[in-house]
Amino acid sequence: MTDARVNLLGLTRPELEAWCVERGGKAFRARQLFQWIYKRAETDFAAMTDLAKDFRADLSQVAEIRLPEIITRQDAADGTVKWMLKAGQGTSQGIEMVYIPEEGRSTLCISSQVGCAMDCSFCSTAQQGFNSNLSTAEIVGQVLLAQKELGFKAGDDRIISNVVLMGMGEPLANFRNVVPAMRILLDELGLDFSRRRLTLSTSGLVPQIHKLAEETNVALAVSLHAPDDELRNQLVPINRRHNIADLLEACWHYIDEQNGRSVTFEYVMLDGVNDSPAQARALARLLKGRPAKVNLIPFNPFPGTRYRRSRPEVIKAFLDQVLKGGVMATIRRTRGDDIDAACGQLVGKVIDRTTVRMGAKRIATPVIAEHTRAGVSS
Ligand code: SAH
């Protein structure tokens, strides 16, 4: 028998209110329900004691709160935890999420797609190809699930302080499910993340960055990786469609619209490819005087890659050049590398992939797989 219950996870508060009203309930019931789901992480309607008994009974007939399923969990020596979760269409698909505890904060890195179609040449997710978009429920479900796995109990303060969309996938290629997920995470009756503690990272889908500026105000990170179009065309193929000048213009527009502080530009350090002092100076010239900071990511190798990580002294020299050029910059600490949990090492499992790639020349049709909005199960 197929379970026709609606997964309430993934409905924004207005959507949940509309759903409750449609069922003859009152809007304030939805607010209570929303708080139970996100603030108290309750998945059992029977335990939602301040809701009327018959409302609870009705809910358990027609609805559910379904978190993603765990396939594996790995704990690294430094406290980093990586989970593989079941997701996507077809059998045995998986995505990964990573929890990174640090002094005074803890970050959860979540995925937005099963696989990725962007085809960046230095990223292991790219080798998997693309399978499907995650639903809104699967995106916010990662945060709830991680909290549960880390021992969260109703009444506790949130365990995770920051969420970054830097796992598998290109968030802006799954705009219609990612934006509501951001709204849910920001909602003060829910997980109540502040906009600065929620970061969306993109490889540079320029029209979607403009659109994003109208829809949400989360922090923006951009995978730049090269200071000129010729090199960026090779590393991040979407650049052939939207070049660096257009990308930067979209970033400044986003900051203006959102009254944001700055865009973080990620820059993976590839030995002999993009790590020279001249390239550092060129990078600084692009960003000087702008609301920008640079985050240098030491390349994380994976089987079959042709790239090597820049040597530590080269990364340090690059950092110094960027700073000297008048641009704020930091080096990202590599965490969880004993469990392959670092940037670009998230592979999940993509078995039934489509052949579509967004890179190179075949990008006329953006890969936005239709996925049931709000995770309504069928
Ligand atoms: N698709 C989005 C979200 C992924 S974020 C984006 O491109 O921004 C993951 C970050 O890790 C990106 O900046 C990505 O470019 C970087 N990355 C990918 N592969 C990497 C690798 N092997 N080593 C280090 N960083 C990598």
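Position 1 is the first residue of the sequence; numbering continues from there. Every number for a ligand or one of its atoms is a count from 1 in the order of the listing.
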**Item:** salt bridge (Lys or Arg N to Asp or Glu O under 4.0 Å) between R183 and D187, intermediate numbers included
**Value:** CA-CA 6 Å; R183 296 221 170 96; D187 196 309; over 6 Å; no

**Proximity to ligand 1 by part of T305, non-hydrogen separation under 4.0 Å** = neither

**Message:** Checking contacts here: is it the side chain or the backbone of N300 that comes within 4.0 Å of ligand 1, counting heavy atoms only? Could be both or neither.
**Reply:** both

Give the atom numbers and elements of ligand 1 that come within less than 4.0 Å of a heavy atom of [X].
{"X": "C123", "value": "18 (C), 19 (N)"}
{"X": "V268", "value": "23 (N), 24 (C), 25 (N)"}
{"X": "T202", "value": "6 (C), 7 (O), 8 (O)"}
{"X": "S203", "value": "6 (C), 7 (O), 8 (O)"}
{"X": "G167", "value": "4 (C)"}

**Request:** Would you indicate which of A126, S124, S201 comes nearest to atom 2 (C) of ligand 1 when only heavy atoms are counted?
**Result:** S201

**Prompt:** Which one of E170, E266, H225 has a non-hydrogen atom at the shortest distance from atom 14 (C) of ligand 1?
**Reply:** H225

Side-chain touch [X]/[Y], heavy atoms, less than 4.5 angstrom:
{"X": "L11", "Y": "F34", "result": "no"}
{"X": "T264", "Y": "T199", "result": "no"}
{"X": "V98", "Y": "V81", "result": "no"}

**Fill in**
With I209 as partner, the option from L200, L220, D246 fulfilling side-chain contact (heavy atoms from CB on, under 4.5 Å) is L220

**Prompt:** Could R23 and F55 be counted as a cation-pi pair, given that NZ or CZ must be under 6.0 Å from the ring centre and within 45° of the axis?
**Reply:** no

**Prompt:** Transitively linked via ILVMFWY side-chain contacts under 4.5 Å: M328 with M269?
**Reply:** no

**Contact with ligand 1 for P301, non-hydrogen, under 4.0 angstrom** = no

**Item:** Polar contact flag for F122 and ligand 1 (N/O pairs, less than 3.5 Å)
**Value:** yes

**Asked** Backbone or side chain, does any N or O of I297 fall under 3.5 Å from an N or O of ligand 1?
**Response** no

**Message:** Minimum heavy-atom separation for N177 and L134, please, with both atom names.
**Reply:** ND2-O, 3.0 Å

